[in-house]
Amino acid sequence: MRSKIVAGNWKMNKNLSETKALLSELLEKLPKTEAKVIVAPTYVNLESAARILQSSDIKVAAQNMHFAKSGAYTGEISADMLLNINVDTVIIGHSERRAYFGETDDLLAKKVEAALANNMQVIFCFGEELEERKSGNHFNVVESQLKNGLFNLPAEAWQHIVLAYEPVWAIGTGETASPEQAQEMHAFIRKTITEAYDTSIANEVSILYGGSVKPSNAQEIFSKPDVDGGLIGGAALVADDFIAIIKAI
Ligand code: 13P
């Protein structure tokens, strides 16, 4: 069901002590909100985070997972390992995974399929690079990322999917897509899903915006009708900033 979501992707930041400190500050300051609040610490701290947040309103997500059940995949983590520490949500397809770790649309489709087969929730990320926007190719790029990553899924699977549109040029650069650019793309995403499936799936899926969201711009971005929340990087590492973004929704 479409809901408001603020998710913090901590990327490769925060050791265990820092993770505990940030979580306890978040728990202390978390406002009452109807939005779902999610944090995604690094693998090694997921179990601690899941324990600390067990009876709280903050959910824990992993930043990645492998598609195989188990086996000879050095350095990788399976769905079963995540579920066994009470983590049932996973970010798949982040542009940093695509760019630095060679994750292709085909691989991502397999990961999504594996996560869903294990009854997990998926936050699926996609978005164009600067050159692609400059050349006016951004709609095509986003359409093909969606198609290749998700459009092989049966209709029922979509209730377990959250989308995160993250234009690569806006990630960690301080340059945010304007609220109008975000709205334009989010509306395009719903149109694309309507064409591939139907209006009810398109209207029910939550679409988050990610890329330099901060306390000063969150409210304006979140005010757009097709923006259901944010996937936050840098600002999620500072409790007061993340809390301010949650308040903005
Ligand atoms: P920043 O908010 O640091 O730009 O990162 C966004 C992001 O990549 C979240 O997944």
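Computed from a prediction, not measured in an experiment: that's the story for all the values here. Read the numbers this way: they start at 1 and go in the same order the structure lists the ligands and their atoms.
Between G233 and ligand 1, an N or O atom pair is found at a separation short of 3.5 Å. The shortest N or O to N or O distance between G172 and ligand 1 is below 3.5 Å. Residue T173 has no nitrogen or oxygen atom sitting less than 3.5 Å from a nitrogen or oxygen atom of ligand 1, judged on distance alone.
Across all non-hydrogen atoms, the minimal contact from A202 to T194 is CB-OG1, 3.2 Å.
Between the side chains of D80 and S78, no donor N or O sits under 3.5 Å from an acceptor N or O.
The residue from E166, K214, E96, Q63 that puts a heavy atom closest to atom 7 (C) of ligand 1 is E166.
Proximity of L231 to ligand 1, defined as any heavy-atom pair under 4.0 Å, is shared by backbone and side chain alike.
Other residues, nucleotides and ligands contribute over 12 non-hydrogen atoms within 6.0 Å of the CG atom of N137. Other residues, nucleotides and ligands contribute over 12 non-hydrogen atoms within 6.0 Å of the CZ atom of R2.
For the pair G211 and ligand 1, a heavy-atom separation below 4.0 Å is found.
Proximity to A170 (heavy-atom distance under 4.0 Å) selects the following atoms of ligand 1: 4 (O). Here is the list of ligand 1 atoms found below 4.0 Å of a heavy atom in S212: 1 (P), 2 (O), 4 (O).
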(request) Apply salt bridge (charged side-chain N to carboxylate O under 4.0 Å, His left out) to E25 and K29, showing your working. (result) CA-CA 6 Å; E25 203 178 341; K29 296 180 174 172; 2.8 Å; yes

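Counting only heavy atoms from C-beta outward, the side chains of L27 and I52 approach each other to under 4.5 Å.
Looking at atom 3 (O) of ligand 1, its nearest protein heavy atom turns out to be G234 N, 2.8 Å. What sits closest to atom 5 (O) of ligand 1 on the protein, heavy atoms only, is K11 NZ, 3.3 Å.
Ring-plane geometry between F151 and Y197 is classed as perpendicular, the angle between the planes exceeding 60 degrees on a 0 to 90 degree scale with a lower cut at 30.
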